[in-house]
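Reviewing the structure listed below.
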Amino acid sequence: MKLSRRTVLRTTAAVSAVAFAPVILKAKDALSASGTVNVFAWGDYVQDNMIEKFQKDTGITVNLSTFGSNDEAEQKLKAAGGKGFDVIFPSVTNGPNYYPDALLQPLDESKVAMDKIIPSMVRDSLQLGASYRGKRYLLPFDWGTEAITFDSSVHALSDDEVSFGSLWTDSAKGQAAFRQKSVLIGTAIYLDAIGEVPSNRALDLYKSEDDMRRVMDACLAFILEHKANFGAFWNNATEATNAFKQAGCTVGQTWDTTGLLLNREDAKWKYRMPKEGGITWLDSIGIPSGAENLDQAYAFINAMLDPEMAGMFAMNTGYNSAVMGAAAYAGEDYMKQFSEVYNEGNLSNLWWWQADTPWFAPMRQEYVDKITNA
């Protein structure tokens, strides 16, 4: 079962007309003992204005640590045996990497404002990695896409011309930016779409080890054949932005926030869905098994599910919140950009990251290393 793109479109784009009253969580509501919550989040997720609001509303102090990739988050939590943090924000598809080592704990849904989350995401996240042995460990937090950011003064692309293949044109020589692990997926989708390497729209990567190697071998060969186009590699939001601002890249496969924030600074930058379908992710929120401040952790989770806070998050980052009513608080820039980038057609054509298989991450890393060392 997949997330309903049409439901996402209707819910995210239309909620600005609906008013939601923010939930104010006081310190006593969290049964505060230490008055502290230790948060482990993506680098751009929990920003100062959100921390200030949460601490003012609850009296609970936020100790924030950040990570730049799912691999980094997994490795750090694994090294600590699930201890040291009360809340974590992994991509939902990475859940299966945490469960065998008991790094996360099942969530008590009676303590969570479940009715604030888009229902289709609550339901369908279970198929993408949010549950283990019949119990929910992760809640949908936000979703976004990885597509094409380009300088429209250099690349005269109409919306329906944008493609994962745009990275490999002659006009992009020395100017293409991408994250190695993601460009392999984009290339697989592209080569399938043009009929060169059939892969069931890259889903064969999850089918078996043999299928994944067959597709990855072909993708690697194609990428290395076009290595003259390499401009910069990125692994986090800051590096992605710097690829365009400092390294001279004019086109790239990036997260949405990169292209959207560049566009806010200069309209020449555009972020658009490739005609093959934008790569789409769903990030989540959960509680590590060694969390020491459980009441504060649930208070923090519920604060993140407040529409006003979720709108603040969307405004800060350009990502799309999984909270109903968030768009009403995200500002005019967010709503304008959402309508420019997404429509019912491309939302129905998204490619969703699947739950990790045992072979997926280690094999992908083999090919990442070959691209990096090329």
Side-chain angles (χ1 to χ4, degrees), residues 22-25 27 29-30 32 34-74 76-77 80 83-92 94 98 104 107 112-113 116-117 121 138-144 235-241 255-258 260-261 281-288 290-323 325-327 329-331 334:
V23 175
I24 304 300
L25 297 166
D29 295 328
S32 177
S34 66
T36 297
V37 62
N38 300 307
V39 177
F40 194 30
W42 291 87
D44 55 347
Y45 270 27
V46 184
Q47 297 188 22
D48 289 345
N49 56 347
M50 297 168 67
I51 292 174
E52 181 180 350
K53 174 175 169 52
F54 175 76
Q55 292 183 161
K56 180 179 178 181
D57 287 350
T58 68
I60 300 170
T61 299
V62 175
N63 290 330
L64 177 66
S65 299
T66 63
F67 55 85
S69 70
N70 276 303
D71 292 340
E72 180 185 350
E74 290 172 24
K76 190 161 187 176
L77 196 62
K83 299 178 180 179
F85 304 107
D86 303 311
V87 177
I88 189 171
F89 289 80
S91 293
V92 72
N94 285 72
Y98 290 86
L104 300 176
L107 293 169
V112 177
K116 298 294 182 67
I117 310 172
M121 292 193 175
L138 295 170
L139 290 168
F141 177 70
D142 70 307
W143 66 278
N235 283 294
N236 57 52
T238 299
E239 291 175 359
T241 300
W255 288 325
D256 40 10
T257 185
T258 301
L260 296 179
L261 294 181
W281 47 266
L282 179 66
D283 275 0
S284 61
I285 190 167
I287 300 178
E292 296 182 352
N293 303 293
L294 276 179
D295 293 317
Q296 293 85 351
Y298 280 105
F300 185 83
I301 288 173
N302 284 321
M304 294 300 103
L305 300 181
D306 166 55
E308 183 178 352
M309 183 76 88
M312 191 179 293
F313 165 82
M315 184 185 298
N316 286 345
T317 64
Y319 300 130
N320 308 301
S321 175
V323 174
Y329 298 93
Y334 172 86

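For Trp42 (side chain) and Phe89 (main-chain N/O), a donor-acceptor pair under 3.5 Å exists by modelled atom type. With Asn293 contributing its side chain and Gln296 its backbone, the two residues share no donor-acceptor pair below 3.5 Å. Panel note: side chain Ser65, backbone Phe40; no donor-acceptor pair is recorded below 3.5 Å. Using modelled atom types, one side-chain atom of Gln55 and one backbone atom of Val62 make a donor-acceptor pair closer than 3.5 Å.
For Pro288, the side-chain contact (heavy atoms from CB on, under 4.5 Å) partners are Leu77, Phe85, Ile88, not counting sequence neighbours. Tyr98 is linked by a ring pair (Phe, Tyr, Trp, His ring centres under 6.0 Å) to nothing, counting only residues two or more places apart in sequence or in another chain. Residues satisfying the side-chain contact (heavy atoms from CB on, under 4.5 Å) criterion with Ala240, sequence neighbours excluded, are Trp234, Thr258. Taking the side-chain contact (heavy atoms from CB on, under 4.5 Å) definition, one finds that Ser69 meets it with Asp71, Glu72, sequence neighbours left out. Partners of Met315 according to the side-chain contact (heavy atoms from CB on, under 4.5 Å) rule, which considers only residues two or more places apart in sequence or in another chain, do not exist here. Under the side chain to side chain donor-acceptor pair (under 3.5 Å) criterion, Ser91 pairs with Asn70, Asp283, not counting sequence neighbours.
The closest side-chain donor-acceptor pair between Glu74 and Asn94 falls under 3.5 angstrom.
Residues Leu305 and Ile117 form a side-chain contact, since some pair of their non-hydrogen atoms from C-beta on lies under 4.5 Å apart. Side-chain contact between Trp143 and Met121 is present, with heavy atoms from C-beta onward closer than 4.5 Å. Looking only at side-chain heavy atoms (C-beta outward), Phe300 and Asp86 stay at 4.5 Å or farther from each other.
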